[in-house]
There are 2 protein chains.
Amino acid sequence: MVVIGIGKLAKAAEVRTDTVRYYERLGLLAPPSRTRAGYRSYGTADIERLRFIRRAKSLGFPLDDIRQLLALRADDNARAAAVLTVTRARIAALDTQIRDLHAIAEALSRLADDCPPDAAVSECPILAHLSGLHRHPADSDRR
Amino acid sequence: MVVIGIGKLAKAAEVRTDTVRYYERLGLLAPPSRTRAGYRSYGTADIERLRFIRRAKSLGFPLDDIRQLLALRADDNARAAAVLTVTRARIAALDTQIRDLHAIAEALSRLADDCPPDAAVSECPILAHLSGLHRHPADSDRR
DNA sequence: TTGCACCTTTGACCACGATCCAAGGTCAAG
DNA sequence: CTTGACCTTGGATCGTGGTCAAAGGTGCAA
């Protein structure tokens, strides 16, 4: 059985050694066995586990969710429905966030499109909006 | 001229007094004049300014951008183009963020739709994906 | 044996935008 | 004159996910 140190593990999983220890503290990684000198020693399954965490992170799961997912993966009695619950909750959170950001981007785009670049800032509808004026001070000729 | 203390200012602008002092430290609010006792004293223009900050924040501008926007608003020689530059940069950042989140949400939704709730976790395509298996271990009958 | 890479721990620090706490000063009402 | 609301400062804390530094021990090669 292949035994590697924290440095090789980190390199294999493309994380920092600090991150490995950090995940151990958070309970995402079990405390590994130690050499006589006190060095952490890992096996290939740990590389797998770290890569799982990386992929989950890249899909927007917070570390708390990832801890749950790891527990479910290791639980022979667990049903896929449990994974689905975590996943659907994440999707819902993402959808909310996307909708919020989209609404903001839309609002900014509309204001930006209405903004004449060469005008003085006093004519700028963006600043006007931020100042709480919902009409341009001199838009009598628009529309 | 109306003079108010930090508590009334904060209440009028719907922020905490701590936030007012915090913004002062960050340079979003000029250090106000003080009463003989050392109390900060503000005027109605400061309520306006705080509300401006609140609106800008609600449109997703970070405080650093807001400091710039406030400076532009106060600069008679500034052109709307400068406001537009800040705004377009924010829109671009939002669009990138939205696209990233959308891609993640899509990927998760596809996985979730493929996941049979009653199956054992070992059959869960979500966990399979996170484990780096891009095919289900037993999907011979799908497609 | 020396030198270097690697490992250990504890604890501080980063962004971001606040929020809260402690210890003390001020002010108006009753 | 006391009570309570308000104000002051400096510094600590939160959440999230790490990153870094200091001071020391270990392992291997020239």
Side-chain angles (χ1 to χ4, degrees), chain A residues 3-29 31-43 46 49-70 89-90 93-94 97 100-101 104, chain B residues 3-29 31-42 46 49-70 90 93-94 97 100-101 104:
Chain A
V3 171
I4 57 176
I6 196 174
K8 297 212 164 179
L9 171 65
K11 185 148 284 182
E14 293 175 283
V15 298
R16 309 290 191 98
T17 55
D18 284 338
T19 305
V20 175
R21 284 185 283 252
Y22 177 61
Y23 287 171
E24 181 182 330
R25 272 196 293 125
L26 293 193
L28 293 172
L29 258 39
S33 56
R34 303 287 186 131
T35 65
R36 309 162 232 47
Y39 288 17
R40 287 169 178 80
S41 63
Y42 297 96
D46 297 302
R49 195 174 173 93
L50 270 176
R51 288 192 177 142
F52 180 99
I53 296 170
R54 266 174 56 83
R55 286 186 206 101
K57 255 168 41 68
S58 77
L59 284 180
F61 287 104
L63 297 182
D64 269 8
D65 282 9
I66 297 175
R67 194 188 356 253
Q68 281 192 69
L69 293 173
L70 286 165
R90 184 95 315 258
L94 286 168
Q97 216 185 329
D100 289 352
L101 293 178
I104 290 172
Chain B
V3 171
I4 57 175
I6 195 172
K8 296 212 164 178
L9 171 65
K11 184 147 284 183
E14 293 175 281
V15 296
R16 310 291 190 97
T17 55
D18 284 339
T19 303
V20 175
R21 284 186 284 253
Y22 176 61
Y23 287 171
E24 180 183 330
R25 273 197 293 126
L26 293 192
L28 293 172
L29 257 42
S33 56
R34 304 285 186 129
T35 65
R36 307 161 235 48
Y39 288 17
R40 287 170 179 78
S41 63
Y42 297 96
D46 296 302
R49 194 174 174 96
L50 270 176
R51 288 192 177 143
F52 181 99
I53 296 171
R54 266 174 57 83
R55 285 185 207 103
K57 255 168 40 68
S58 76
L59 284 179
F61 287 104
L63 298 182
D64 270 9
D65 281 10
I66 297 174
R67 194 188 357 253
Q68 282 191 67
L69 293 173
L70 286 165
R90 184 95 315 260
L94 287 169
Q97 215 187 329
D100 290 351
L101 294 178
I104 290 172

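Throughout, a chain's letter reflects where its sequence line sits, starting with A, and its residues are numbered from 1. All figures in this text were calculated on a predicted structure; none of them were measured in a lab.
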Query raised in the report: CG of A:L101 to CG of B:L101: how many Å apart, nearest 0.5 Å?
Result: 6.5 Å
Query - Atom-to-atom span, CZ of B:R34 to P of C:dT26 - whole angstrom - result: 13 Å
Query raised in the report: For the pair made of CD1 in A:I53 and C1' in D:dG17, what is the distance, rounded to whole Å?
Result: 13 Å
**Report entry** Whole-Å gap separating P (C:dT10) and CZ (A:R25)
**Finding:** 10 Å
Query - Nearest listed nucleotide, side chain of A:L63, among D:dG17, D:dT19, C:dG17 - result: D:dG17
Query raised in the report: OP1, OP2 of C:dC7 versus side-chain N and O of A:R40: anything below 4.0 Å?
Result: no
Report task. Kindly say whether B:A12 contributes a backbone atom to a donor-acceptor pair with the side chain of B:R51 at under 3.5 angstrom? Result -> yes
Report task. For A:D64 and D:dC14, give me the distance from atom CG to atom C1', rounded to whole Å. Result -> 15 Å
Report task. Using distance alone, with no hydrogens and no angle criterion, decide if B:S33 and B:S41 have a side-chain donor and acceptor under 3.5 Å apart. Result -> yes
Query raised in the report: To the nearest angstrom, how far is B:E24 atom CD from D:dT8 atom C1'?
Result: 12 Å
Query raised in the report: Should A:R21 be listed as having a side-chain N or O under 4.0 Å from OP1 or OP2 of D:dG17?
Result: no
Query raised in the report: Is any side-chain nitrogen or oxygen of B:Y23 closer than 4.0 Å to OP1 or OP2 of C:dG17?
Result: no
**Report entry** Between C1' of C:dC6 and CD1 of A:I4, the distance in whole Å
**Finding:** 14 Å
Report task. Please list, chain by chain and in numerical order, all residues satisfying side chain to side chain contact (heavy atoms under 4.5 Å, CB included) with A:R36, sequence neighbours excluded. Result -> none
Requested in this report: Please report, rounded to the nearest Å, how far the P atom of D:dT16 is from the CZ atom of A:F61.
Outcome: 16 Å
Report task. From the options D:dT9, D:dT19, C:dT19, select the nucleotide whose nearest atom is closest to the side chain of A:R16. Result -> D:dT19
Requested in this report: Could you tell me the separation between the CZ atom of A:R54 and the C1' atom of D:dG18, rounded to a whole number of Å?
Outcome: 14 Å
Report task. Would you indicate what B:I6 reaches in the nucleic acid, counting non-hydrogen atoms under 4.0 angstrom: base, sugar-phosphate, or nothing? Result -> sugar-phosphate
Query raised in the report: Nearest of D:dG18, D:dT8, D:dG27 to any side-chain atom of A:Y22?
Result: D:dG18
Report task. Nearest-nucleotide wise, let me know which of A:D18 and B:T17 is further upstream toward the 5' end of DNA chain D. Result -> B:T17
Query raised in the report: Distance check: side-chain N/O of B:T19 vs OP1/OP2 of C:dT19, anything under 4.0 Å?
Result: yes
Report task. Check every atom of C:dA18, D:dT9, C:dT26 against the side chain of B:Y39 and return the nucleotide holding the closest atom. Result -> C:dT26
Query - Nearest-neighbour nucleotide for the B:A37 side chain, D:dG18, C:dC27, D:dT9 considered - result: C:dC27
Query - Residue A:K57, side-chain atoms from C-beta onward, closest of D:dG17, C:dG17, D:dT9 - result: D:dG17
Query raised in the report: Within the structure shown, what part of the strands sits under 4.0 Å from A:R36 by heavy-atom distance: base, sugar-phosphate, or nothing?
Result: nothing
Query - Close side-chain approach of B:L63 to B:K57, heavy-atom, < 4.5 Å - result: yes
Requested in this report: State whether B:R49 and B:D46 are salt-bridged, where the test is any N-O pair (Lys NZ or Arg NE/NH1/NH2 against Asp/Glu carboxylate O) under 4.0 Å.
Outcome: no
